[in-house]
Amino acid sequence: MAKLYVNPAMKLGKINKEVYGNFSEHLGRCIYEGLYVGEDSPIPNTKGMRNDVVNALREMKLPVLRWPGGCFADEYHWEDGIGPKESRKKMINTHWGGVLEDNSFGTHEFMELCRQIGCETYVNANVGSGTVREMSEWVEYMTFDGISPMADLRRKNGDEEPFTVNYLGVGNENWGCGGNMTPEHYANEYRRYQTYVRHYPNEKNPDKKPIYKIACGPNADDYNWTEQVMKIAGRHMNGLSLHYYTITDTWSHKGSATEFDMPTYYRTLGRASHMETLLDRHSAIMDQYDAEKRVGLIVDEWGTWFDCEPGTNPGFLYQQNTMRDAMVAALTLNIFNKHCSRVKMANIAQLVNVLQAVILTEGEKMLLTPTYHVFKMYAPHQEAQLLDSHMEAQWIGNEDGKVRKIYESASVNDAGEITVTLANLSAEEAEAMDIVLAEGSAASVTGELLTGAITAYNTFEAPETVKAEQFTGAKVTEQGVSLELPPCSVVSLCIKMK
Ligand code: AHR
């Protein structure tokens, strides 16, 4: 019998809702078809945005969306994506699949999409092939309220009121596709570019916050990048990004998203759990330059990366999504929650039809992936206070993939309701568990469950093979709550206190 200790009196800091963020790039069928179909499409839409997808994202409580890339961001020139659609530049998306990019989805469309979803905006600017002037004019175009060439141009293009840019990324992967820079070179470029990310006050909105500036951070365990960029530019940034993808084998052989054996399952989870080490070690370096934890660690690309589905364009990165992906999401989100003192935002890659997507589409059809259900089940953690929780670790897996059996986190909201999220990573073994509350007594417990075989997934023919259901297996006890977690399962509990 496993024991999980939760202390309702020990609050360890706020879990930012932005930790549950997502990422949308001009890549494959993410933007075009996945999110945006155009106003003339037979697929039901509002101003070109798919109604089915927008509604599902609202229900999932998507808090923030990053756009336009990714590697695409450092090739993107924002002026190509404004003005009458028929006169927007057409170009080849050289990075992703060599397909035509007609720029019909640009700044105004992104802002409209976020408005419909009800989420914050995270715009990634171009440093690799763009200029300081181009970036600074984009900020002026989007956010200035007064009279200026860029604000006037925005008005001419149909939006009288400025947009809200909550987050701005100054370049993407500048150690790679964003310019192949050294950390020292990038850090100095960052200092220069960020100087011109102006804060334009707005008389009608006196509480308007300055844009939160995010510097390009390391690839996975490149600790030297973090060290140099923090040392040279740390005091000029609000956030530092981190990219880490879960690859089961090697970059040239990533393995199938749906056909895998048990050792591969555990290897994938073992690699996903490496996120914990990355957060600890990058945070320790950041602590040396920012002991007060003013700078957020922004994990703005994470998730599984498998071989794309057979028969699809390899440049589109379209992959299916099984219970294994759900377990990766569940363990990673629990890790993020527990690192909320430093991790201020995270954006799984990517929103629709690309990599570890929460939604897949095929023409007018849409399905919710197992990963979608995990995000929805974890939504009560958004803006809640992390609670101290602890359980004895049991290790499972095999030689090349050892991982803890259970990943958990707990939080309390303003109404005093406790959310506990649990992931039982074992493919075959259930886990009986007592949740012991260090203070107070539980009055009631309700829950949701997501479970299935490790390779289970949803198809357009059977879209509800894997879905969240009510969990009735948890009972209030004298000490707290007892329950049994099925094998390969995710459970979200809501505990109300007396
Ligand atoms: O998410 C796909 C790609 O992965 C992004 O464009 C890039 O930033 C990363 O390498």
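Counting starts at 1 for both ligands and their atoms, in listed order. The figures here come from the full heavy-atom set of this structure, side chains too, leaving out hydrogens, waters and symmetry mates.
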Atoms in ligand 1 with a heavy atom of Trp96 nearer than 4.0 Å: 3 (C), 6 (O)
Using a 4.0 Å cutoff against the non-hydrogen atoms of Asn172, which atoms of ligand 1 qualify? 8 (O)
Heavy atom under 4.0 Å from ligand 1: found in Glu301's side chain, backbone, both, or neither? side chain
Using 30° and 60° as the class boundaries, would you call the ring planes of Phe375 and Trp302 parallel, tilted or perpendicular? parallel
Can you list the atoms of ligand 1 that are under 4.0 Å from a heavy atom of Gly70? 5 (C), 6 (O), 8 (O)
Mind checking what makes side-chain contact (heavy atoms from CB on, under 4.5 Å) contact with Asn126, not counting sequence neighbours? Asp74, His77, Ser129
Could you list which atoms of ligand 1 come closer than 4.0 Å to a heavy atom of Phe23? 1 (O)
Tightest non-hydrogen contact, residues Glu39 and Gly48, listed as CG-N, 3.6 Å
I want to know if ligand 1 touches Cys71 in the polar sense, i.e. an N/O pair below 3.5 angstrom. yes
Is any N or O atom of Glu25, backbone or side chain, closer than 3.5 Å to an N or O atom of ligand 1? yes
Does any donor atom in the side chain of Thr46 or Gln116 lie under 3.5 Å from an acceptor atom in the other side chain? no
One finds that the ligand 1 atoms under 4.0 Å from a non-hydrogen atom of Leu355 are 1 (O), 2 (C)
What's the shortest distance from atom 1 (O) of ligand 1 to any protein heavy atom, and which residue and atom give it? Tyr245 OH, 2.8 Å
Quick check: are there more than 12 heavy atoms from other residues, nucleotides or ligands sitting under 6.0 Å from OH of Tyr32? yes
Quick one: nearest non-hydrogen protein atom to atom 10 (O) of ligand 1, plus distance? Glu173 OE1, 2.8 Å
What residue among Lys254, Arg271, Arg267 forms salt bridge (charged side-chain N to carboxylate O under 4.0 Å, His left out) with Asp249? Arg267
Only heavy atoms of Gln350, strictly under 4.0 Å: list the atoms of ligand 1 that pass. 1 (O), 2 (C)
If you apply the rule ring pair (Phe, Tyr, Trp, His ring centres under 6.0 Å), what do you find for His108 with Tyr141, and how did you get there? CA-CA 11 Å; His108 293 255; Tyr141 183 90; 5.6 Å; yes
Quick one: does ligand 1 sit under 4.0 Å from the side chain of Trp305, the backbone, both or neither, non-hydrogen atoms only? side chain
Would you mind listing every side-chain hydrogen bond (donor to acceptor under 3.5 Å, both in side chains) that reaches into residues 315-330, with sequence neighbours excluded? Thr268-Arg324, Thr304-Gln319, Thr304-Asp325, Asn321-Thr371, Thr322-Asp325
